[in-house]
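In this chain, residues are counted from 1 in sequence order. Note that these values count all heavy atoms, side chains included, but never hydrogens, waters or copies made by symmetry. Counting convention: from 1, in listed order, for ligands and their atoms alike.
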Amino acid sequence: MKLVKLFALIFLFGFAFANGTTSNNRKHYIVYMGDHSFQDSESVIAANHEMLTSVMGSYQGAQDAAVNHYTKTFRGFSAMLTSGQANQLAESNKVVSVFESKTSHIHTTHSWEFLGINNLEQYHQQSRNSTSNVVIGVIDSGVWPESKSFSDYGLGPVPAKFKGECTTGENFTLSNCNRKIVGARFYYGGFIADYGPLESFNHTFFVSARDSDGHGTHTSSTIAGSVVANVSLYGIGRGTARGGAPGARLAIYKACWFNLCSDADILSAIDDAINDGVDVISMSLGPDPPQPIYFSDAISIGSFHAFQKGVVVSASAGNSFLPKTASNVAPWILTVAASTMDRDIQTKIYLGNSQVIQGFSVNPTEMKSFYGLVTGSAAAAPGIPSRNASFCKSNTLDPALIKGKIVVCTLEAILDNRKEKATSIKQGGGVGIILVDPLATDVAIQFVLPGALISLEEAEELQAYMASQKNPVARISQTKAILATKPAPQMAMFSSMGPNIISPDVIKPDITAPGVNVLAAWSPLSTDNTAGRSIDYNIVSGTSMSCPHVSAIAAIVKSSHPSWSPAAIKSAIMTTATIHDNTKNFIRRHPNGTQTSPFDYGSGHINPAAAIDPGLVYDFDTSDIIDFLCSTGATPAQLKNLTGEVMYCRKNPKSSYDFNYPSIGVSNLRGSISVHRTVTYYGEGPAVYKAEVDHPAGVNVSITPNELRFEKNGDKMSFVIGFTPYKASNGEFVFGALTWTDGIHVVRSPIGLNILSV
Ligand SMILES: *[C@@H]1O[C@H](CO)[C@@H](O)[C@H](O)[C@H]1NC(C)=O
Ligand SMILES: *[C@@H]1O[C@H](CO)[C@@H](O)[C@H](O)[C@H]1NC(C)=O
Ligand SMILES: *[C@@H]1O[C@H](CO)[C@@H](O)[C@H](O)[C@H]1NC(C)=O
Ligand SMILES: *[C@@H]1O[C@H](CO)[C@@H](O)[C@H](O)[C@H]1NC(C)=O
Ligand SMILES: *[C@@H]1O[C@H](CO)[C@@H](O)[C@H](O)[C@H]1NC(C)=O
Ligand SMILES: *[C@@H]1O[C@H](CO)[C@@H](O)[C@H](O)[C@H]1NC(C)=O
Ligand SMILES: *[C@@H]1O[C@H](CO)[C@@H](O)[C@H](O)[C@H]1NC(C)=O
Ligand SMILES: *[C@@H]1O[C@H](CO)[C@@H](O)[C@H](O)[C@H]1NC(C)=O
Ligand SMILES: *[C@@H]1O[C@H](CO)[C@@H](O)[C@H](O)[C@H]1NC(C)=O
């Protein structure tokens, strides 16, 4: 709990200049009205104003209160309202629900910088042409259109089905869109209603889709950046940068400002994206944990409409590193965790006795000579206890003792501002920093002076050396990329974990993909986390970075199978994932190599080539989702809250674990049960698939039939999974897997059971 609080603090830091949401007791509410049959946006807005007039008392009042209007794929608006006015609106029979617009955060560990190398080449390289008809909508902080990654060289005309537009704005003209960036829109009404004028943030910004934060440029280029040769960050990790789907098109929806995204704006962006005709929506952002119930969460509601219209939504699970913190967990969203790649960056620290210590950072320069080493605790400023000085925070170090030296610092708390320590050393005349950081050694920061993070083991070596010398010295080298590191992938320390607190029968996250040390395009104006240096490509980490990898693969699967539903695409990605690392052992979690479970990575690490040809698919549609929600106790009123239509549950709803999800979860197993699933065969000619079971502890599993014979492409077959428990799992989940295979395709579903009684 403490960690969550600390984590929240980092975000609060970003709120420093924010304007309160509660001035004169009005809050920002989303008034959601579901589907509509109005002819055009103008009539929806007129009707919205009329409805608002009834509670505000005047038309002028209504206009002043209204913030955003949702007019395309569903109807609604957001407005500044008192709770009384919100309740009054909620009572209208036209209104489905009224809920507060909250703030989502981008999912980059934005105060940290990481180093590594782009290994997108490991992915299946679909030819440029086959994805050229796919459009990915990216809801983020905009785009830096001049980046070479957005060149449209060799691309054909914009797909005719795309109906979006290139909205011009500050430093963004029609010529900033091309055949790569096929659409650009931006939204700030919700943001300024919540936080006040953009100017009050004292940061560079553009009132347009132009990105001054870097985040949106990074995620967009990771998804569909064109091939750009000879890219690096300060020469580190030099190579060819390419998005996962370099032939695909990007539609940019800027709804995030200074790393904050108003839910009211996100909902506008989703409304537009669906209506514009995108195939995939990528959202590297989400609510802070705990995940809100779907019925009052803008992202869940918006994504549901997207799913209904055949649009895949891929979203990041978050960076909250604790169990039960995964966000964006609705079953109709592809929820993405983050893991490491098989390339690493290393910053060697040479000691005076020719020992070498392994460090991690983004260190562009090579120290030419050795400098004296001093610990922060031995360099306390007058009146500062040495323990306090060991953390190297501002105004705790004595300049006379650190001048010309490399200072060795420790962490006080996991979320210490690591960059600030280097800044305080630089201010005192120090020349380098070595930070003992037991957690974030894969978290490489761009410090304002040469520096590196080291692990506890390395710290012991360093300490032994320093204790043995009267005048210990060290030299910090320039960072180098190291290839083929093992083991990889490992789950990132920060990646948010399941179980799913809203629907515990649906295992979350769904999938993991590279999210540590990802090199991609950047906004040259975003220098907060680059030690003030203006750069075109940057290396950052977070589930924000893994989500676009999955969005790109979803686009490739979509281009190979244009008729597949979002659920089928999701199934293809999940059932082909791997749970092994490059040492053939099970994927472990950084930094201590701890054991993992599907609550870390869902079905496993993404395997793009296999996802294109999964063999079998677990499909589901909107009515299956409704059945699932009914089985978990959703009321007709709640369903209306989500779908916007009057809905009734069937008399005898199926069991929640019978939802045809590509993974198998039972959160309250009491005695024997039968779980049902149906698979669709995609292949040429007849095929026979056989079941293999990895039994979870304490339960016997039977599959009936355990052989599926398909005649032709598109055949569906159902089977029953019998669970007979013989040992309760004491409140913990136990895990196993069901795998169907025809000898070529491997269709794997993790099983997660909480055995309450036998
Ligand atoms: C790709 O598409 C372009 C135009 O749509 C066409 O000229 C070109 O021949 C295609 N390339 C391949 C390899 O199919
Ligand atoms: C934005 O446009 C203004 C006016 O055209 C220009 O002076 C400025 O340099 C531009 N800024 C950037 C970052 O391109
Ligand atoms: C807060 O918002 C109000 C109204 O939008 C504005 O007048 C005021 O300047 C803002 N305050 C700050 C600190 O930005
Ligand atoms: C705004 O930023 C400038 C330049 O970074 C800085 O000098 C100034 O103190 C900042 N103002 C506030 C109110 O933080
Ligand atoms: C790559 O770029 C660097 C400088 O940015 C240059 O020195 C080098 O020659 C380039 N390499 C190739 C193969 O173009
Ligand atoms: C030293 O740190 C402790 C807590 O970590 C704090 O309470 C105390 O005020 C600090 N002392 C000084 C002199 O800064
Ligand atoms: C990793 O191990 C270190 C040393 O035993 C311990 O302090 C730390 O809490 C562990 N971290 C995690 C995430 O388990
Ligand atoms: C519908 O959503 C609103 C806003 O979250 C909530 O207050 C209301 O209770 C919901 N209705 C039902 C039946 O859940
Ligand atoms: C589980 O399977 C084993 C071996 O097939 C069998 O001996 C045992 O009786 C089974 N247990 C239950 C509870 O069915």
### Message
If the cut-off is 4.0 Å to any non-hydrogen atom of Leu525, which atoms of ligand 2 fall inside it?
### Response
13 (C)

### Query
Quick one: which ligand 2 atoms are inside 4.0 Å of a heavy atom on Phe206?
13 (C)

### Task
Please indicate whether any nitrogen or oxygen in Trp144 is less than 3.5 Å from any nitrogen or oxygen in ligand 2.
no

### Task
May I ask you to say whether Arg185 pairs ionically with Asp276, meaning some side-chain N is under 4.0 Å from a carboxylate O?
yes

Looking just at side-chain N and O atoms, do [X] and [Y] make a donor-acceptor pair shorter than 3.5 Å?
X	Y	answer
Tyr195	Thr103	yes
Thr222	His549	no
Tyr187	Asp272	yes

#### Entry: Residue pair Gly190 / Val67: nearest heavy atoms and the distance that separates them
N-CG1, 3.5 Å

### Query
side chain to side chain contact (heavy atoms under 4.5 Å, CB included) between Tyr350 and Ile357: does it pass, once the steps are laid out?
CA-CA 6 Å; Tyr350 296 93; Ile357 283 185; over 6 Å; no

### Message
A cation-pi test, strictly: NZ or CZ of Arg210 under 6.0 Å from the centre of the six-membered ring of Phe186 and no more than 45 degrees from its axis. Yes or no?
### Response
no

## Note on the structure
Near ligand 6 (heavy atom, under 4.0 angstrom), the protein residues are Gly383, Pro385, Arg387, Asn388, Glu412

